[in-house]
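Accompanying notes for the structure given below.
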Amino acid sequence: MHKRLFIPGPVDVLPQVLEQMTRPMIGHRTKDASALQGSIADKMRKLMFTENEILLSTSSGSGLMEGAVRSCTARKAAVFSIGAFGDRWYKMAVSNGVPADLFESELGQPTTAEQVEAALSTGAYDLITITHNETATGIANNLEELAPVIARYPDVVFCVDSVSSLGGHKIEADRLGIDILITSTQKCLGLPPGLAICSISEKAVKRAEQVPNRGLYFDLLELYKFVKTKPYQYPSTPALSLMYALDYQLDRIMEEGMEQRFARHSKMAGIVQDWARTNFALFGNPDYLSQTVTCIDNVSGVSVSALNGKLADFNYMISGGYGKIKDRTFRIAHMADTTPEQITELLATIDKVLPELKA
Ligand SMILES: *Cc1c(COP(=O)(O)O)cnc(C)c1O
């Protein structure tokens, strides 16, 4: 029996979306393949609120995160971390030999405009990475606070990890001046894992042209050239099945309506937050709570694996903590095609089994 997933990726995928992956293969150098990738790019531009080019990568989101920091840092990267995924972006820079400094916030806190200003005003950096939605802590940075500071430094390439928020949270890439906005399929987009997607500005492309060692598979310039000149092809063989599913799912997202989709995520977050405040406590700064995943401070010390064991009888699965706060928190994802009704049912089920666990 399939367990309904309330974990922050991979998420449940609707049967009609999965079915798209059973379509017959086409040659990846055909006009049909270009049309498919071009169609995805047009729809992704809408969802990212950008006019910039869209790149696909047959990898999870990490591939393009690594590609961005390596391809577009000519001098030094300022990597801002509010948890596990920011820390990983720093490791990606270091392990690729990219000069980088790490700027950490206390866990549960966002990146502040003051921190960004202090770093960029040194003039040492030509690329900045920001985690939009830190899945480990359930904290979402407020890009409205950070973008105006970054905009004062036009030489800095502005990269954002929106892997666990894009499609569930409105991010207007162009208005915010985001040069590279990265996401992947298995979170708010509601698809199986295996594809990463990013927008890329002309500024980021120009930068990559100045960076000598960009690698190859995750070289953003190589991906960009195939999009521009072929057009809309991919340097190697892409995950065509996932591309069919993505193209179809983006139509569904547009049918639901982007604003409606963001509002549904916000509503689900409110339901989980209210529940968590009554039964446990919320982890982190209450002014920066994520609208796609909630991190719950396990103040009553319930065993999360025992809880998941009980929930398994109802075919539900939630998520333990992640990273340094693994043992003191657990997480409930409310993303992709999950409905407020399903969230309410999950929480009612947890309420039902909790007394048995505390006993
Ligand atoms: C899941 C996640 C990643 C990693 O994405 P993959 O697609 O698993 O490589 C990066 N950043 C955040 C915030 C995430 O939630």
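In listed order, ligands and their atoms are each counted from 1.
- Not counting sequence neighbours, the partners of Asp274 by the salt bridge (charged side-chain N to carboxylate O under 4.0 Å, His left out) test are Arg277.
- Regarding atom 10 (C) of ligand 1, its nearest protein heavy-atom neighbour is Phe85 CD2, 3.3 Å.
- Near Thr135, with a cut-off below 4.0 Å to any heavy atom, the atoms of ligand 1 are 12 (C), 13 (C), 14 (C), 15 (O).
- Interface of Gln186 with ligand 1, defined as ligand atoms under 4.0 Å from a residue heavy atom, comprises 6 (P), 7 (O), 8 (O).
- Counting only non-hydrogen atoms, the option in Ala140, Gly9, Ala333, Gly61 that gets closest to atom 7 (O) of ligand 1 is Gly61.
- The nearest protein atom to atom 5 (O) of ligand 1, hydrogens excluded, is given as Val163 CG1, 3.5 Å; this is a heavy-atom distance.
- A donor-acceptor contact closer than 3.5 angstrom links the side chains of Tyr224 and Glu202.
- Nearest to atom 11 (N) of ligand 1 among the protein's heavy atoms is Asp161 OD2, 2.6 Å.
- In this structure, Lys187 counts as a contact residue of ligand 1, since one of its heavy atoms falls inside 4.0 Å of the ligand.
- Salt bridge status for Asp101 with Lys76: present, with a side-chain N to carboxylate O gap under 4.0 Å.
- Short contacts between ligand 1 and Met65, defined as distances under 4.0 Å to a heavy atom of the residue, involve ligand atoms 10 (C).
- Within ligand 1, the atoms closer than 4.0 Å to a non-hydrogen atom of Ser164 are 13 (C), 15 (O), numbered from 1 in the order shown.
- Ring centroids of His132 and His169 are separated by less than 6.0 Å, placing the two rings close together.
- Judged by distance alone, the side chains of Gln249 and Asp337 do bring a donor and an acceptor atom under 3.5 Å apart.
- Looking at Arg70 and Asn96, their side chains do bring a donor and an acceptor atom within 3.5 Å of each other.
- Just one residue in the list Tyr322, Phe280, Phe283 forms a ring pair (Phe, Tyr, Trp, His ring centres under 6.0 Å) with Phe330, and that residue is Phe280.
- Looking at atom 4 (C) of ligand 1, its nearest protein heavy atom turns out to be Ser62 OG, 3.7 Å.
- The pair Glu53-Lys228 counts as a salt bridge, with a side-chain nitrogen and a carboxylate oxygen less than 4.0 angstrom apart.
- Listed by number with element, the atoms of ligand 1 under 4.0 Å from a non-hydrogen atom of Ser184 are 7 (O).
- If you look at Glu134 next to ligand 1, there are no close heavy atoms at all, none under 4.0 Å.
- The atoms of ligand 1 that sit less than 4.0 Å from any heavy atom of Asn133 are 13 (C).
- For the residue pair Asn133 and Ser165, no side-chain donor N or O sits within less than 3.5 Å of a side-chain acceptor on the partner.
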